[in-house]
Number of protein chains: 2
Amino acid sequence: MTRQLSRRSVFEALLHRSPISRADLAKVTGLSKQTMSEVVDTFEQQGLVRRVGRTSGNVGRTAVLYELSPEGGHVLGIDLGARRLTVALAEIGGRVLAEADEPTDGRGGAWVLDQIARLSDRLARDNHTHPSRIRSIVLATPGVVNPKTGSIEMAPNISGLDHLNVVGLLGEKLGHPVVFENDINLALLGEIWHGCAQNLANVAFLALGSGVGLGLYVNGELVRGENGAAGEIGYLPIGGDPLQAESRVQGCLEYQLGAAGIVRRFGEAGGSPVDSAKQVFELAQSGDARAIAVVGETARLAALAAATVVATVDPQLLVLGGSIGARPDFADQVARALVQLAPRPVEIRTSLLGARAGVVGAVSVALRRLHDEFFGVAELASALPLPPPAQRHAPQ
Amino acid sequence: MTRQLSRRSVFEALLHRSPISRADLAKVTGLSKQTMSEVVDTFEQQGLVRRVGRTSGNVGRTAVLYELSPEGGHVLGIDLGARRLTVALAEIGGRVLAEADEPTDGRGGAWVLDQIARLSDRLARDNHTHPSRIRSIVLATPGVVNPKTGSIEMAPNISGLDHLNVVGLLGEKLGHPVVFENDINLALLGEIWHGCAQNLANVAFLALGSGVGLGLYVNGELVRGENGAAGEIGYLPIGGDPLQAESRVQGCLEYQLGAAGIVRRFGEAGGSPVDSAKQVFELAQSGDARAIAVVGETARLAALAAATVVATVDPQLLVLGGSIGARPDFADQVARALVQLAPRPVEIRTSLLGARAGVVGAVSVALRRLHDEFFGVAELASALPLPPPAQRHAPQ
DNA sequence: TTCTATTTATTCGGACGCTTGACGAATCAA
DNA sequence: TTGATTCGTCAAGCGTCCGAATAAATAGAA
């Protein structure tokens with residue numbers, strides 16, 4: 001029990017300061033040299049740690065340096081988008097070994113699952129890792145992921161996936177259980193781990209692309225909501241009559257702010273025919289007056305959504321992401337509009353990782369789960385619960 | 001270190017199952033009878049625990065029963081409202097011993113601080129507790145409380161308090177440091193501890209009274225925001241033009257939905273002169289058509305705010321509180337309007353504790369802080385942090 | 001009443017994990 | 001070569017926990 005705590009703090013020190021000697025580990029963790037040698041020895045026997053050289057140049061005896069060994073375990077992050085499939089492989093120490101991506105198999109359904117398995121397998125073998133060594137897998141997917149069951153409640157925009165038991169089938173194909181999480185939530189975690197929101201505890205991630213979505217990170221924790229539906233801001237009563245038919249079906253804000261809404265509004269404004277929101281933005285940059293107006297209105301709506309989030313959860317930073325939100329010209333307009341709307345100034349940044357955010361976030365969660373599997377202190381960490389109002393008297 | 005964990009789990013068992021014998025404690029906690037006797041003995045010596053009788057009627061030797069002793073410590077919860085001052089005294093085991101309230105001293109400033117000290121002192125002495133025995137004090141106040149400094153950033157609606165170092169002065173007067181927290185947040189925690197939201201982890205508390213405010217409880221934790229300004233939904237861009245002058249100063253939603261806004265709208269609708277929002281609601285109940293319309297519009301605005309919260313954080317339960325929000329007739333109208341607006345049905349309840357919610361929540365936080373002071377595992381509980389992207393190599 | 005089964009409570013011995021201090025080993029600098 | 005310094009191991013001791021044995025107290029059966 002107390003050994004578990006020692007092992008945990010040694011592992012933590014190894015995560016952040018490798019390569020490191022046993023003597024230094026003892027100083028950092030506060031444990032004795034004796035205990036340290038014992039712990040490191042068991043780590044070495046388990047393959048969690050390996051020798052990596054000796055110190056030199058210092059006065060005194062040289063020390064053996066240790067670092068976390070890739071033998072300790074590998075993790076897989078997968079971003080399953082409607083257009084693109086991305087997979088990343090990392091080792092227990094946090095180093096991302098390789099990333100690969102392909103267009104998502106257009107035939108959908110089981111073909112996509114096969115594609116994921118094939119790509120993951122190739123990635124593992126190309127990096128001298130047998131797929132069976134992978135000890136944690138997290139998959140980013142659009143749609144609502146129920147936090148209790150882990151199942152997908154709203155199928156992603158991929159045909160034929162909604163009838164399949166995706167969690168079970170994919171776990172079987174990959175030889176290890178797969179944890180699902182909403183892609184926007186994972187993009188947010190990606191930005192927090194390796195992106196523009198590092199070391200912050202209160203961050204909101206506004207994703208504007210084909211749809212609109214929000215990721216919330218509060219008190220250093222992801223907000224999923226009771227049904228995993230937190231951040232479904234497509235349904236915010238902004239930008240139109242929330243009782244309208246379109247608003248009921250698709251969500252009031254999404255109807256205006258989604259890519260389809262932008263294209264539609266550009267058409268209604270008499271703009272030349274376009275078939276993607278991207279073209280509207282490009283027209284605006286080239287000076288098309290109608291496009292400029294539509295983009296301005298789009299930024300105003302996004303700022304309204306941002307102001308809503310700022311007033312509700314008071315984040316330290318607002319990250320703009322998604323294929324539309326990450327455009328720097330657009331982000332500037334949103335920031336300017338937000339100054340007028342928000343009760344207090346809030347910093348805005350555009351996504352640093354872009355399309356990679358989701359897969360990086362998936363890797364970060366997969367890593368965290370692996371670490372917790374080895375060194376978790378689940379029941380220890382729980383807060384002392386207060387007594388209920390009706391004192392239960394133990395029947396004697 | 002490991003003893004601390006044992007002590008902690010024994011205390012937890014005592015909190016929830018007292019009176020209880022040492023033998024039963026051993027069964028519940030999984031510790032040995034031997035260890036249990038040691039721990040309980042030290043608790044008894046520290047005055048944390050006392051004998052309270054023996055078992056009888058069972059076969060076998062009788063057991064000595066123990067319970068948490070009030071000698072272990074008392075806590076104070078204080079709700080400082082603009083109109084009313086409420087103080088509650090509880091003991092370490094969670095029992096609320098007494099509550100008292102008075103109209104807030106209208107002279108404001110230092111008089112109010114004196115009043116708090118006097119009322120607290122009386123409450124302690126009336127319950128055979130010397131004020132010096134009080135080991136944790138939490139005060140509920142309107143306004144934004146900075147979560148880092150603990151200071152009040154927006155002074156409550158009490159004259160003369162904004163120039164004073166309230167935290168320091170009050171701590172001195174009461175002989176123990178005082179922790180401040182937003183009154184709506186504490187009302188929410190009150191409902192979660194003893195009210196209508198017991199044992200839930202995702203709750204939103206919509207407070208409608210002279211102002212509008214929101215309390216958020218997510219993942220079993222209070223959401224304060226980076227600056228303590230989470231839940232400042234008076235600034236939601238709902239119910240009017242958010243760029244208007246009134247919206248900028250007071251908040252767009254608050255301008256319409258606050259008590260003053262209700263009275264104003266009733267006047268604009270040609271209603272008979274009233275001087276409080278309460279009268280508008282009473283007129284509506286007695287059949288006044290204009291009042292009915294104004295109340296209906298008010299409910300619609302509240303439902304829009306609620307829909308915003310539901311779409312953003314997906315709570316399990318929405319509690320309506322505050323002098324206006326807790327009216328059952330009004331809550332029904334809000335619930336009906338929300339069905340049309342929210343993407344998914346969400347349960348709504350009205351506050352069970354009413355005006356007492358704030359002080360009950362203050363007691364709950366004071367208790368939790370006392371428990372953590374004795375049995376906290378702060379650094380143990382922290383999650384394993386992931387390594388930063390740039391691996392720091394220890395300079396050797 | 002006496003005896004037995006049962007439960008509570010204490011005592012004792014042993015195991016585990018951690019620390020301290022001493023000591024040998026390895027290295028750099030003079 | 002010598003001394004200072006640091007690394008790593010060994011041995012001893014301490015705190016905490018557990019399990020087994022034992023004593024104490026009680027209800028129910030004989």
With a 4.0 Å limit, can you tell me whether Arg22(B) has a side-chain N or O closer than that to the phosphate oxygens OP1/OP2 of dT8(C)?
no

Closest nucleotide among dC18(D), dT8(C), dC7(D) to the Lys27(B) side chain:
dT8(C)

Can you tell whether the side chains of Asp372(B) and Arg369(B) come within less than 4.0 Å, N to carboxylate O?
no

May I ask you to decide if Gln34(B)'s main-chain N or O and Ser37(B)'s side chain share a donor-acceptor pair within less than 3.5 Å?
no

Can you tell me if the side-chain N/O atoms of Arg61(A) get under 4.0 Å from OP1 or OP2 in dT5(D)?
no

Between dT16(D) and Ser6(B), is there an OP1 or OP2 to side-chain N/O distance shorter than 4.0 Å?
no

Any chance you could measure Leu89(B), atom CG, to Ile137(B), atom CD1, to the nearest 0.5 Å?
10.5 Å

Side-chain N or O of Ser56(A) less than 4.0 angstrom from OP1 or OP2 on dT27(C)?
no

Side-chain N or O of Thr2(B) versus OP1/OP2 of dG17(C): is the shortest distance under 4.0 Å?
no

Look at the side chain of Arg54(A) and decide which nucleotide, out of dT27(C), dC18(D), dG17(C), has an atom nearest to it.
dT27(C)

Glu91(B) side chain to Arg95(B) main-chain N or O, any donor-acceptor pair under 3.5 Å?
yes

Counting just side-chain N and O atoms, does Ser37(A) come under 4.0 Å of either OP1 or OP2 of dT9(D)?
yes

Check the phosphate of dT27(C) against Thr62(A), side-chain N and O only, distance under 4.0 Å to OP1 or OP2. Yes or no?
yes

Using a cut-off of 4.0 Å on non-hydrogen atoms, how would the nucleic acid contact of Glu38(A) be classed: base, sugar-phosphate, or nothing?
nothing

